[in-house]
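The chains referred to below are lettered A, B, ... by the order of the sequence lines, with proteins before strands, and numbering in each begins at 1.
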Amino acid sequence: MKKIPNNKAWFLVLPVFLLVAFSAIVPIMTVVNYSVQDIFDQNTAYFVGAEWYREMLRSPRLLDSLLRQFSYSFSVLLIEIPLGIAVALMMPAKGRMASVSLILVAIPLLIPWNVVGTIWQTFSRADIGLFGWSLNAIGIDYNYASNAGDAWFTVLLMDVWHWTSLIALLCYSGLRAIPEAFYQAARIDRASSWAIFRFIQLPRLKSVLVIGVLLRFMDSFMIYTEPFVLTGGGPGNSTTFLSQALTKMAIGQFDIGPAAAFSLIYYLIVLLVCYLFFTIINLQDKAK
Amino acid sequence: MNWMAWTDLTATFFSVIGVILLCMTVYEIKVPCIDRKGFLPISTTRGDRLFIGLLSSAYIHLAFLAFTELSLMIALALSVIWLAVLLRWG
């Protein structure tokens with residue numbers, strides 16, 4: 001079939017474009033304007049050129065939280081992806097138990113971020129929380145409010161608890177889409193269960209896993225509420241991730257100029273990562 | 001427009017981006033482009049190359065600010081050359 005290009009359809013997108021212009025394009029232009037000025041109040045602003053960018057790019061505060069952010073996002077992916085696949089493989093394929101396990105697995109996804117933070121904050125307290133108290137009772141010195149390692153462990157555990165379900169559900173749907181004939185062929189060849197996983201299931205899961213990695217990377221890269229409620233970024237700055245460092249600067253100290261430069265650098269990193277994922281997904285579609 | 005705190009520099013910046021987008025749209029309507037493979041590892045359309053060029057130019061500027069004391073005019077000149085090379089041979 002020959003497609004007739006009709007660009008008039010773009011006019012139908014106009015209302016959305018106007019909406020996006022006001023919710024995204026105008027604010028981002030304003031942020032760009034702020035980032036080259038030293039803002040004191042509504043009417044007093046001095047042009048400083050690229051000074052804020054230079055300062056931000058060289059400030060240990062930004063670089064530390066950037067490094068922390070990347071190690072956090074990669075740890076999240078390293079734990080959640082294999083764990084999610086494992087959970088999906090263990091979930092029953094049909095029958096009543098399949099529905100029950102689907103609902104159980106989906107529950108953490110329905111809980112809002114701040115509630116998750118509060119749950120874990122209480123759950124992990126060394127004095128009254130079940131988790132924290134139990135760890136201390138069996139002789140492990142654990143206190144997320146004073147030990148940076150413990151704080152990291154708790155923030156990671158919280159994210160794994162909250163979001164592994166997403167990967168598991170994505171993989172579960174991917175697994176159900178594999179035709180039975182593949183497994184029959186594997187049985188005829190007497191393939192081991194590892195071989196079935198390696199050569200049938202994993203390649204078939206590739207496209208859902210790309211989406212899963214993208215979603216988890218993006219979500220963990222902009223994480224704010226959960227560590228804010230759980231640790232408040234502490235102890236010290238040990239769990240202050242990018243968005244929280246940015247908020248402290250912009251709203252806490254009202255340093256609009258540096259915060260604007262910081263957020264544009266943040267934005268450029270996100271844009272690059274998104275574009276890479278977009279290209280990978282496109283290449284996959286073309287290969288099909 | 002006072003609330004957006006415009007400066008001459010940022011106004012020029014956005015105008016140039018706008019003009020580039022407009023020119024590329026007109027060019028695309030007059031001469032529709034097709035995917036092709038240049039020195040980049042993937043096959044790209046004209047719009048892809050423009051996006052890659054603009055994004056990498058932003059990173060060139062950030063690298064200049066982070067690692068050197070040189071004027072940003074040099075970064076700008078480099079970016080323009082890079083963008084032209086990318087659009088022609090990328």
Just do the side chain to side chain contact (heavy atoms under 4.5 Å, CB included) check on A/L57 and B/F67 with the steps written out, would you? CA-CA 9 Å; A/L57 284 167; B/F67 303 117; over 6 Å; no
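- Residue contact with chain A, scored on non-hydrogen atoms closer than 4.5 Å, involves the backbone of B/T68 exclusively.
- When all heavy atoms are compared, the tightest approach of A/L271 to B/F51 is CG-CZ, 4.1 Å.
- For a residue to count as touching a neighbouring chain, one of its non-hydrogen atoms must lie under 4.5 Å from one of that chain's; by this rule A/I256 does not touch chain B.
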Using the side chain to side chain contact (heavy atoms under 4.5 Å, CB included) rule, take B/Y59 and A/L272 through it: C-alpha gap first, then chi angles, then the decisive distance, then the call. CA-CA 10 Å; B/Y59 276 94; A/L272 179 64; 3.5 Å; yes
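- Listed for the A/R54 side chain is no donor-acceptor partner under 3.5 Å among the backbone atoms of B/A66.
- Within 6.0 Å of OH in A/Y46 there are 12 or fewer heavy atoms belonging to other residues, nucleotides or ligands.
- Within 6.0 Å of atom OH in A/Y72, more than 12 heavy atoms from other residues, nucleotides or ligands are found, so the atom counts as buried in its surroundings.
- A 4.5 Å side-chain heavy-atom check between B/F14 and A/V32 finds at least one atom pair inside the cut-off.
- Using a 4.5 Å cut-off between heavy atoms, A/T279 touches chain B through its side chain atoms alone.
- Looking at A/Y275, its side chain never comes within 3.5 Å of a backbone N or O of B/I52 through a donor-acceptor pair.
- Contacts of A/M56 with chain B are absent, with no heavy-atom separation under 4.5 Å from either backbone or side chain.
- Under a cut-off of 6.0 angstrom, the local environment of CD1 in B/I34 is sparse, with at most 12 non-hydrogen atoms contributed by other residues, nucleotides or ligands.
- You'll find the side chain of A/Y53 stays beyond 4.5 Å of the side chain of B/H61, heavy atoms only.
- Proximity to chain A (any heavy atom under 4.5 Å) is restricted, for B/L72, to the side chain, taken from C-beta onward.
- The local environment of CZ in A/F197 is crowded, with over 12 non-hydrogen atoms from other residues, nucleotides or ligands closer than 6.0 Å.
- Counting non-hydrogen atoms of other residues, nucleotides and ligands closer than 6.0 Å to NZ of B/K37 gives a total above 12.
- Counting heavy atoms from C-beta on, the side chains of A/F47 and B/D8 never come closer than 4.5 Å.
- Taking A/V26, A/V36, A/I265 one by one and counting their heavy-atom pairs under 4.5 Å with chain B, the maximum is reached by A/V26.
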